[in-house]
Visitor: 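Below is a structure I'd like to ask you about.
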Amino acid sequence: EQILEAGEIIKSPGIPDSASILVSAREKGIKVISEIEFASRYTNATKICITGSNGKTTTTMLTWHMLKSAGLDVGLAGNVGKSFARQLAEKDHRYFVIELSSFQLDDMFDFKAEIGVLLNITPDHLDRYDYKVENYIRSKFRIAENQQEGDVFIYNLDDETTMQYLNNYPIKSTKAPI
């Protein structure tokens, strides 16, 4: 009852949208957001966000390590290490390297990755996406959804799925294929 009196719900990415409490909340007009969305309200840091079906953790850790070794004020958050909100509660940084799963991207609305990286897309978690690979692909491309001119979208030129769907999404940022 108390949850359904909330003005906004911050949802754990592990909870599916089909959970009855979330269905009820949305029916009542309660906004449901991700922890990533919530946390981003409290920082002006440059967010380097990495998603993909495979290689997210390795790429995130390597990127964080390189930036930290270069002497930059950088935090590590998201689907690896501590949550983004926890990181911010402990210390804000100039930069954050954030690993983002499709589940975390699903409940973001205003969150923006100044640098978004899409490594690859292979069918995964389809039970959460009505067994439609297109729904999963849409989720992954959300990493570029709120980017503007001046932001950068890095994507894998060798990933067939990414290349097949790239032009289906309006991307305003600078595209940087690798």
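We number each residue from 1, following the sequence as shown.
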Visitor: Are Ile121 and Met163 close enough that some pair of their side-chain heavy atoms sits under 4.5 Å apart?
Guide: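 A side-chain contact is absent here, since even the closest heavy-atom pair is not under 4.5 Å.
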Visitor: For the residue pair Ile33 and Ile9, establish whether any side-chain heavy-atom pair is separated by less than 4.5 Å.
Guide: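 Not touching, per the 4.5 Å side-chain cut-off.
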Visitor: Can you pull the side-chain hydrogen bond (donor to acceptor under 3.5 Å, both in side chains) pairs that have at least one residue in residues 165-178, sequence neighbours excluded?
Guide: Gln147-Ser173
Visitor: Side chains of Ile98 and Thr60: does their closest heavy-atom pair fall under 4.5 Å?
Guide: no
Visitor: Near Ile3 CD1, under 6.0 Å, is it more than 12 heavy atoms from other residues, nucleotides or ligands?
Guide: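 For Ile3, atom CD1 is not crowded (no more than 12 foreign heavy atoms under 6.0 Å).
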Visitor: If you count the non-hydrogen atoms of other residues, nucleotides and ligands that lie under 6.0 Å from NZ in Lys31, is the total more than 12?
Guide: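 Yes, enclosed.
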Visitor: Would you say Glu160 has more than 12 foreign heavy atoms packed within less than 6.0 Å of its CD?
Guide: no
Visitor: Does the side chain of Trp64 reach to within under 4.5 Å of the side chain of Ile48, using non-hydrogen atoms?
Guide: no
Visitor: Could you state the interatomic distance from CZ (Phe153) to CZ (Phe141), rounded to the nearest 0.5 Å?
Guide: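 Interatomic distance, Phe153 CZ to Phe141 CZ, rounded to 0.5 Å: 5.0 Å.
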Visitor: Locate the shortest heavy-atom distance separating Val80 from Met61; write the atom from each residue and the value.
Guide: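 For Val80 and Met61, the tightest heavy-atom pair comes out as CG2-SD, 3.8 Å.
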Visitor: With a 4.5 Å cut-off on side-chain heavy atoms, are Met66 and Ser69 touching?
Guide: no
Visitor: Tell me the closest heavy-atom pair linking Ser101 and Lys56, and the distance in Å.
Guide: CA-CE, 4.4 Å
Visitor: Does Lys91 come within less than 4.0 Å of Asp73, counting only side-chain N to carboxylate O?
Guide: yes
Visitor: Side chains of Asn120 and Thr162: donor-acceptor distance under 3.5 Å anywhere?
Guide: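 Side chains of Asn120 and Thr162: no pair found under 3.5 Å.
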Visitor: Give me the atom names and distance for the closest heavy-atom approach of Phe84 to Ile36.
Guide: CB-CD1, 3.8 Å
Visitor: Do you know the tightest heavy-atom contact between Asn146 and Lys112?
Guide: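 Asn146 and Lys112 have their closest heavy atoms at O-CD, 3.2 Å.
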Visitor: Could you tell me how the ring of His93 sits relative to the ring of Phe96: parallel (under 30°), tilted (30 to 60°) or perpendicular (over 60°)?
Guide: perpendicular
Visitor: For Gln148, is there any backbone N or O sitting under 3.5 Å from a side-chain donor or acceptor partner on Asp151?
Guide: yes
Visitor: Would you give the length of the straight line joining atom OG1 of Thr161 to atom CD of Gln164, rounded to the nearest 0.5 angstrom?
Guide: 6.5 Å
Visitor: Taking C-beta and beyond as the side chain, do Val117 and Ile178 meet within less than 4.5 Å on heavy atoms?
Guide: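 No, their side chains stay 4.5 Å or more apart.
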Visitor: Between Ser34 and Asp106, does the side chain to side chain donor-acceptor pair (under 3.5 Å) criterion hold? Intermediate values first, please.
Guide: CA-CA 8 Å; Ser34 69; Asp106 287 338; over 6 Å; no
Visitor: Any donor-acceptor pair under 3.5 Å linking the side chain of Lys140 with the backbone of Gly52?
Guide: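 Pair found, side chain donor or acceptor close to backbone of Gly52.
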Visitor: Regarding Asp110 and Arg41, does a basic nitrogen lie under 4.0 Å from an acidic carboxylate oxygen?
Guide: no
Visitor: Which atom names give the shortest non-hydrogen contact between Thr51 and Leu100, and what distance separates them?
Guide: OG1-O, 2.6 Å
Visitor: Ignoring hydrogens, what is the shortest heavy-atom contact between Thr59 and Leu119? Give both atom names and the distance.
Guide: OG1-CD1, 3.5 Å
Visitor: Which of these passes salt bridge (charged side-chain N to carboxylate O under 4.0 Å, His left out) with Lys47: Glu99, Glu37, Glu114?
Guide: Glu114
Visitor: Looking at SG of Cys49 and CG of Asn79, how far apart are the two atoms once the value is rounded to the nearest 0.5 Å?
Guide: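 Answer for the SG-CG pair, Cys49 versus Asn79, is 12.0 Å.
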Visitor: Are Phe111 and Phe38 side-chain neighbours, meaning at least one heavy-atom pair lies under 4.5 Å?
Guide: no
Visitor: Around Glu90, counting heavy atoms of other residues, nucleotides and ligands shown, do more than 12 lie under 6.0 Å from its CD?
Guide: yes
Visitor: Do Lys68 and Tyr95 meet the cation-pi criteria used here (NZ or CZ under 6.0 Å from the six-membered ring centre, within 45° of the axis)?
Guide: no
Visitor: Could you tell me if the side chain of Asp17 sits less than 4.5 Å from the side chain of Phe103, heavy atoms only?
Guide: no
